[in-house]
> 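Just passing along the structure, written as structure tokens.
Remember, it's a predicted structure, so these values are computed and weren't measured experimentally.
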Amino acid sequence: MSTLITNARVVRPGSDAPEDGELLDLLIEDGKFTRIEAGISADAADTVIDAAGKIAFPGVVDAHQHWGIYNPLGEDAETESRACVQGGVTTSLSYMRTGQYYMNTGGSYADVFPKVLEATEGRPYVDYAYHLAPMSKEHIAEIPSLIADHGVTSFKIFMFYGSHGLHGRSVDQSEFLMTPEGERYDLAHFEFVMRGIQAAREQLGDKAEHISLSLHCETAEIMSAYTKIVEEEGTLQGLAAYSASRPPHSEGLAVTIAAFLADETQLPNINLLHLSSRKAMTAAMRMAKAFPHVNFRREVTIGHLLADIETAYGLGGKVNPPLRPRDDVEALWEHLLAGDIDWVVSDHACCKDEKKFAEDRGDIFAAKSGFGGAEYLLPGLVSEGRKRGLSWRRIAELTSLNPASRYGLPGKGDIAVGMDADIALVDPDHTWTVRPEDSESTQEYTPFEGFELGAKVTDTFVRGQRVLADGSVSGSPAGRYLHRPYK
């Protein structure tokens, strides 16, 4: 089966590619790009698609999702990957851990991870892989086998779980995380996770460049204290109250601790996730100068770039770290345009209405954290980024090449002969208003409701299979598990 896409403005990331793309044709055979040039004859392919007026981006590698956090994993893998293709996402990297939520179980990854793969297989419309969080000493010991046997090359630490639950203060860490009796999920554990990952890098030298650690940088003790203050004062409500309860200096302090531990353990590949504030970015840039031998990567979410505590629609915008005031949003854009941000993600976590909100729907502290947004990732970044002067090429780097390179996916993230034919066709002149009922996600609301976007993904291809055609999901689930490094 071969497909020819003609007349598209093809955007390729990398310093050698034109900022504004090139008018080229794309020939796809057996799921790979086989020719990229102007004027390819229509006789060369079984199917010809005229993409005149469209921008052809490499498929989005969404490096931060949470399939199965609130819904059965297999269900999320199918429904939320349908939302992915609406946003141009062709590869989903989802976080997974033991403990409450997700698989709602403790135990070794030798037992749990095969169940994760079994629940997911055959369900997604996009290719997928998992990051895993070592929650116990047993998990640290499993790191080499997770890399070598299962192709998991990226790991995570949730720094705020020290004395904080997923949605707020927590009095019983072990019950929430289902960790073994006598073990603590604290700074010492974080250090030994880093040492375990670095030991695995040294043991598996040919894979070392693809092995990294990601950190959710918030400080539990600061958040617990400020949550109590905000609740007792009662002067702030809604998303403003939640932002104040998890103040930006909590992020900055956590970034500093993470950087110091990375230096102490000599672990070079550190990913600072969903930085949400000016203070967090300031700390991240200072740590990059303080520890130049640490290869930091800095991530932001499309939610933190598009919405603030005033513009988000309702309390559905509760997320960790919180949506922030407008000054922090503008700070993220300043850093993004300056080249300080490495990739943009959705942090997609489908939390249905019945689970999201408490009986008192106005109680921000009783609401669950997280929301979906993969369907708005590429349209949102194109819409807002282009207004602020972001080039087509830079958008492709932020959404495809950079996360693919970091997370062990050299066969993804670009439009080049021999690579997987993952493509998102974007109409850059299609203005539309976000409405939750238009999303393929099973989440019935969105904090982006009413936002006007100026670009729309019309077609998405996963290894040459057209999974979104003229704006509608098409065909059957095509996604495959990616054993990394994936070439």
> Tell me, yes or no, whether the heavy-atom count around R386 atom CZ, taken from other residues, nucleotides or ligands under 6.0 Å, exceeds 12.
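Yes, the 6.0 Å shell around CZ holds more than 12 heavy atoms from other groups.
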> Between D353 and R361, does any NZ, NE, NH1 or NH2 come within less than 4.0 Å of an OD or OE carboxylate oxygen?
yes
> Mark yes or no for whether T460, through its side chain, and V85, through its backbone, hold a donor-acceptor pair below 3.5 Å.
yes
> Might you confirm whether atom CZ of R326 has over 12 heavy atoms from other residues, nucleotides or ligands at distances under 6.0 Å?
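Yes, because the 6.0 Å sphere around CZ of R326 holds more than 12 heavy atoms from other groups.
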> Judged by atom type as modelled, is there a donor-acceptor pair below 3.5 Å linking the side chain of Q443 to the main-chain atoms of G372?
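Judged by distance alone, yes, a pair lies under 3.5 Å.
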> Considering only heavy atoms from C-beta outward, does the side chain of L315 approach that of D363 to under 4.5 Å?
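In short, these two side chains do not touch, never coming nearer than 4.5 Å.
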> Tell me whether K318 contacts the main-chain N or O of I364 through its side chain, where contact means a donor paired with an acceptor under 3.5 Å.
yes
> What do you reckon, are the aromatic ring centroids of F190 and Y161 less than 6.0 Å apart?
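No.
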> Nearest 0.5 Å please: distance from the CG atom of L73 over to the OG1 atom of T120.
4.0 Å
> Any chance you could lay out the side chain to side chain contact (heavy atoms under 4.5 Å, CB included) test for L305 and V344, step after step, and finish with the verdict?
CA-CA 9 Å; L305 288 173; V344 180; 3.9 Å; yes
> Under a 4.0 Å threshold between the charged nitrogen and the carboxylate oxygen, would E19 count as salt-bridged to R394?
no
> Is there side-chain contact between L93 and L409, with at least one heavy-atom pair below 4.5 Å?
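L93 vs L409: side chains touch.
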> Can you tell me if CZ on F260 sees more than 12 non-hydrogen neighbours from other groups inside 6.0 Å?
no
> Taking only residues two or more places apart in sequence or in another chain, which ones pass side chain to side chain donor-acceptor pair (under 3.5 Å) with Y486?
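By the side chain to side chain donor-acceptor pair (under 3.5 Å) rule, Y486 matches D420.
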> Using modelled atom types only, decide if a donor and an acceptor are shared between the side chain of K279 and the backbone of G252 within a distance under 3.5 Å.
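No.
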> Does a donor on one side chain and an acceptor on the other come within less than 3.5 Å for D342 and N402?
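No, no side-chain donor-acceptor pair sits under 3.5 Å.
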> Please report the shortest heavy-atom distance between F448 and V434, naming the atom on each side.
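It is O-CB, 3.4 Å.
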> Is the shortest side-chain heavy-atom distance between F451 and S383 below 4.5 Å?
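F451 vs S383: side chains apart.
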> Nearest 0.5 angstrom please: I211 CD1 to I197 CD1, how far?
9.0 Å
> Any Lys/Arg nitrogen of K228 or E231 sitting under 4.0 Å from an Asp/Glu carboxylate oxygen of the other?
no
> Hey, is R123 close enough to D76 for a salt bridge, meaning N to O under 4.0 Å?
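Here R123 does not pair with D76 in a salt bridge, since their nearest N and O are not under 4.0 Å apart.
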> Apply side chain to side chain contact (heavy atoms under 4.5 Å, CB included) to the pair L398 and R393, showing each step before the final yes or no.
CA-CA 9 Å; L398 289 165; R393 186 180 73 188; over 6 Å; no
> Are V10 and I415 packed together at the side-chain level, in the sense that at least one heavy-atom pair is separated by less than 4.5 angstrom?
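Touching, per the 4.5 Å side-chain cut-off.
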> Within a strict 4.5 Å, meaning less than it, do heavy atoms of the Y376 and S439 side chains meet?
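Side-chain contact under 4.5 Å: yes.
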> By salt bridge (Lys or Arg N to Asp or Glu O under 4.0 Å), which residues pair with D16, not counting sequence neighbours?
none
> Can you tell me how far the CZ atom of R406 sits from the CD atom of E299, to the nearest 0.5 Å?
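It is 11.5 Å, given to the nearest 0.5 Å.
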> Go through the steps to decide whether S214 and N271 satisfy the test side chain to side chain donor-acceptor pair (under 3.5 Å), and finish with yes or no.
CA-CA 4 Å; S214 302; N271 312 311; 3.1 Å; yes
> For S276 and E251, does a side-chain donor sit closer than 3.5 Å to a side-chain acceptor?
yes
> Show the numbers, then the answer: is there a side chain to side chain contact (heavy atoms under 4.5 Å, CB included) between L267 and L213?
CA-CA 8 Å; L267 176 60; L213 174 67; 3.9 Å; yes
> Is there a donor-acceptor pair closer than 3.5 Å between any side-chain N or O of D459 and the backbone N or O of D470?
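Yes, because the side chain of D459 sits within donor-acceptor range (under 3.5 Å) of the backbone of D470.
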> Has E444 got a side-chain atom pairing as donor or acceptor with S441's backbone, closer than 3.5 angstrom?
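Side chain of E444 to backbone of S441: no pair is present.
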> Which value, rounded to the nearest 0.5 Å, describes the distance between N71 atom CG and C350 atom SG?
5.0 Å
> May I ask you to decide whether E334 forms a salt bridge with R278, counting only side-chain N to carboxylate O separations under 4.0 Å?
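Looking at E334 and R278, the cut-off is met.
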> Do the side chain of D422 and the main chain of V60 share a donor and acceptor less than 3.5 angstrom apart?
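Pair absent, no side-chain N/O of D422 close to backbone of V60.
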> Under the ring-ring contact (aromatic ring centres under 6.0 Å, His included) rule, collect the residues that match up with Y102, sequence neighbours excluded.
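Applying ring-ring contact (aromatic ring centres under 6.0 Å, His included) to Y102 gives none.
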> Under the side chain to side chain donor-acceptor pair (under 3.5 Å) criterion, do T153 and R484 qualify, and how do the steps go?
CA-CA 6 Å; T153 60; R484 295 175 284 157; 3.2 Å; yes
> Is the centre of the H274 ring less than 6.0 Å from the centre of the H64 ring?
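Yes, the ring of H274 comes within the 6.0 Å limit of the ring of H64, centre to centre.
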> Which value, rounded to the nearest 0.5 Å, describes the distance between Y95 atom OH and F155 atom CZ?
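Y95 atom OH to F155 atom CZ measures 11.5 Å (nearest 0.5 Å).
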> Do the charged groups of K352 and E75 touch, with an N to O distance under 4.0 Å?
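A salt bridge links K352 with E75.
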> With ring pair (Phe, Tyr, Trp, His ring centres under 6.0 Å) as the rule and sequence neighbours excluded, what pairs involving residues 385-410 come up?
F57-W392, H131-Y407, W343-Y407
> Applying ring pair (Phe, Tyr, Trp, His ring centres under 6.0 Å), which residue pairs with at least one partner in residues 293-315 are found, sequence neighbours left out?
none
> Going by distance alone, is a donor N or O of one side chain under 3.5 Å from an acceptor N or O of the other, for S346 and D62?
yes
> With side chains defined as the heavy atoms from C-beta onward, is the minimum distance between V126 and R463 less than 4.5 Å?
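No; the side chains remain at least 4.5 Å from each other.
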> For A455 and V382, which heavy atoms make the closest approach, and how far apart are they?
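In terms of heavy atoms, the two residues are closest at CB-CG1, 3.6 Å.
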> Taking only residues two or more places apart in sequence or in another chain, which ones pass side chain to side chain donor-acceptor pair (under 3.5 Å) with E218?
H216, R246
> Check for me whether K355 meets the cation-pi criterion with Y70, that is, NZ or CZ under 6.0 Å from the six-membered ring centre and within 45 degrees of the ring axis.
no
> Considering all heavy atoms of both residues, which atom of I423 and which atom of A56 are nearest to each other, and what is their separation?
CG2-CB, 4.2 Å
> Keeping H189 on the side-chain end and P134 on the backbone end, is there a donor-acceptor pair under 3.5 Å?
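Between the backbone of P134 and the side chain of H189 there is a qualifying donor-acceptor contact (under 3.5 Å).
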> Before you tell me yes or no, could you show the steps for R388 and E384 under salt bridge (Lys or Arg N to Asp or Glu O under 4.0 Å), namely the whole-Å CA-CA distance, both residues' side-chain angles and the distance that decides it to 0.1 Å?
CA-CA 7 Å; R388 294 171 181 263; E384 189 65 22; 2.9 Å; yes
> With no hydrogens and no angle check, just 3.5 Å: does a side-chain donor-acceptor pair link Q65 and S94?
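No, S94 and Q65 have no side-chain donor paired with an acceptor closer than 3.5 Å.
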> For a quick test of reading the model, state the closest non-hydrogen atom pair linking Q86 to D438 and the distance between them.
NE2-O, 3.2 Å
> Determine, step by step, whether L482 and Y128 satisfy the side chain to side chain contact (heavy atoms under 4.5 Å, CB included) criterion, reporting the C-alpha distance in whole Å, the side-chain angles of both residues, the deciding distance to 0.1 Å, and the verdict.
CA-CA 6 Å; L482 301 175; Y128 59 98; over 6 Å; no
> With distance as the sole criterion, is a donor-acceptor pair present between the side chains of T301 and D347 under 3.5 Å?
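Distance-only check fails for T301 and D347.
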> Check whether any side-chain N or O of S243 sits under 3.5 Å from a backbone N or O of L239 as a donor-acceptor pair, and report yes or no.
no
> Ignoring hydrogens and angles, tell me if any N or O in the side chain of S400 forms a donor-acceptor pair with the backbone of P58 under 3.5 Å.
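A pair under 3.5 Å: yes.
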> Output the distance between atom OH (Y226) and atom OG (S250), rounded to the nearest 0.5 Å.
10.0 Å
